[in-house]
Amino acid sequence: MSKCLPASTRNIMSLSLGGFEVLLERKSVKNINLRVRRDGTVYVSAPRRLPLDAIERFVVSRADWIASAQSHVHERAQQAQWSAEDGQVIFIWGEPHVFELRTLPASGGRPSCSFSRHDGHLTCAADERIATSSPECLEARDKQLSQWLREQVRSHTALLMPACEEVVGQHCAGVRFRTMKSRWGSCNVSTRLITLNDRLVHHDPRCLEYVIFHELCHLLEPSHNARFHALMDQVCPDWRERKDLLERR
Ligand SMILES: [Zn+2]
């Protein structure tokens, strides 16, 4: 056990327990609660007076679960990182695609590239001016690939939205797309604008549909309360399964 270091002004300590770096929060709870956060850190909340070795025993008893949760987080982080380089694996709609670069002779205007998917490959036909492995070329291809990926989410959303709106019985005022680190979507209830994370392109398309349902349901119920979950059960009965799928990947 290492020395406790205060992590913030709240009653949180950062310490090593059972071989894991743990953020321990002491609060008025009856039981020990443990979870692995999206950044892979282990967070534990425990009753204020519970001895530290009891908490450590608890962490050790959950060691296998923690290790597997952390490896999912790691896998997910890798999936969100890609670069437009030969041989790189990029997940599109939940399926791995190997990036394949083809060089085209330079043509007039700004150098660009086009993308196509076939049999587990993502082929990028690039103007020779941006087809080398220099950092500038790589950056130019990354930028075009991220635009292409966003376009995939945009067009698939346009396809799904009318049916989802019909099921929920609500219309949104519009959808915008952003790359977000900590959420899959959001809904501004007053403007009725929905924002979706363009990283949804890496996951099974049923996950995108689940997030669309989730945000549309917020137009009827802003909080994640029992009424909200009942609405979700009605419009997308297997939403829990889809949510798990999204969080596992
Ligand atoms: Zn929500």
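FYI, side chains are in, hydrogens and waters are out, and symmetry mates aren't considered; it's all heavy atoms of this structure. None of the values given here were measured: they were computed from a predicted structure. Just follow the structure's listing: the first ligand is 1, and inside any ligand the first atom is 1.
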Checking distances from the Zn ion (ligand 1), one finds that the N, O or S atom of His218 closest to it is NE2
Parallel, tilted or perpendicular: which fits the ring planes of Trp239 and His229, with parallel below 30° and perpendicular above 60°? parallel
Do Val211 and Leu246 come close enough that some side-chain heavy atom pair is under 4.5 Å? yes
Below 2.8 Å, any N, O or S contact between His224 and the Zn ion (ligand 1)? yes
Kindly assign one of parallel, tilted or perpendicular to the pair His214 and Phe228, based on the angle between their ring planes and the thresholds 30° and 60°. perpendicular
Heteroatom N/O/S of His214 within less than 2.8 Å of the Zn ion (ligand 1): yes
Report the relative orientation of the aromatic rings in His156 and Trp93; use parallel for angles under 30°, tilted for 30 to 60°, perpendicular for over 60°. tilted
